[in-house]
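Below: the structure, in structure tokens.
Quantities reported herein were computed from a predicted structural model and do not represent experimental measurements.
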Amino acid sequence: MFSFEMEGCPITVSVSQHANMRMKQRMVNKYASFGSIVAVGEDLLDMRHGEEFCIIDKELNVSIVCAIHARGSDIDICIITVLDNHQFYVKSGTRVYKLEA
């Protein structure tokens with residue numbers, strides 16, 4: 001679990017069991033994944049409860065799929081899965097953020 005504050009709003013990031021397994025398989029450092037989420041910036045504050053987003057991280061060569069759970073000004077982000085960049089599908093309506101190397 002990782003916590004930080006953005007614009008006075010507390011944000012907590014957790015990793016699902018599935019994502020944890022995928023990170024190990026793909027040799028992705030979970031702290032680097034947390035950094036990718038922080039890099040999305042203030043857009044995190046505009047998301048609504050239940051919304052999903054995907055971060056395509058060219059440097060890590062993975063895509064990180066997350067879900068937002070909001071309770072008042074507290075935001076919980078769950079990393080749902082981590083995918084290889086060359087093969088993934090994002091469902092319609094999912095916000096996509098591209099981080100260049």
So, does [X] use its side chain to make a donor-acceptor pair with the main chain of [Y] at under 3.5 Å?
{"X": "Ser16", "Y": "Ile79", "value": "yes"}
{"X": "His18", "Y": "Thr81", "value": "no"}
{"X": "Ser63", "Y": "Leu83", "value": "no"}

Does a salt bridge link Arg95 with Glu52, judged by any charged N lying under 4.0 Å from a carboxylate O?
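Salt bridge flag = no for Glu52 with Arg95.
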With Val82, which of Ile55, Val28, Asp57 fulfils side-chain contact (heavy atoms from CB on, under 4.5 Å)?
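Only match with Val82 under side-chain contact (heavy atoms from CB on, under 4.5 Å): Val28.
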Just distance, no hydrogens or angles: give the donor-acceptor pairs under 3.5 Å from side chains in residues 3-14, sequence neighbours left out.
unit_1, atom_1, unit_2, atom_2, d
Ser3, OG, Thr12, OG1, 3.4

List the residues meeting side-chain contact (heavy atoms from CB on, under 4.5 Å) with Arg48, not counting sequence neighbours, and say none if there are none.
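Arg48: side-chain contact (heavy atoms from CB on, under 4.5 Å) contacts with Glu51.
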Within 6.0 angstrom of Gln17 CD, more than 12 heavy atoms from elsewhere:
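For Gln17, atom CD is not crowded (no more than 12 foreign heavy atoms under 6.0 Å).
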One pair to check against side-chain contact (heavy atoms from CB on, under 4.5 Å): Leu44 and Ile75. What are the steps and the verdict?
CA-CA 9 Å; Leu44 295 171; Ile75 298 172; 5.5 Å; no
Does a side-chain heavy-atom distance below 4.5 Å link Lys98 with Lys58?
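The answer is no, as the side chains (C-beta and beyond) never meet within the 4.5 Å cut-off.
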Listed partners of Phe34 passing ring pair (Phe, Tyr, Trp, His ring centres under 6.0 Å), at least two apart:
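Partners of Phe34 under the ring pair (Phe, Tyr, Trp, His ring centres under 6.0 Å) test: Phe2, Tyr31.
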Enter the distance from Ile68:CD1 to Phe53:CZ here, rounded to the nearest 0.5 Å.
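The CZ atom of Phe53 is 4.5 Å from CD1 of Ile68, to the nearest 0.5 Å.
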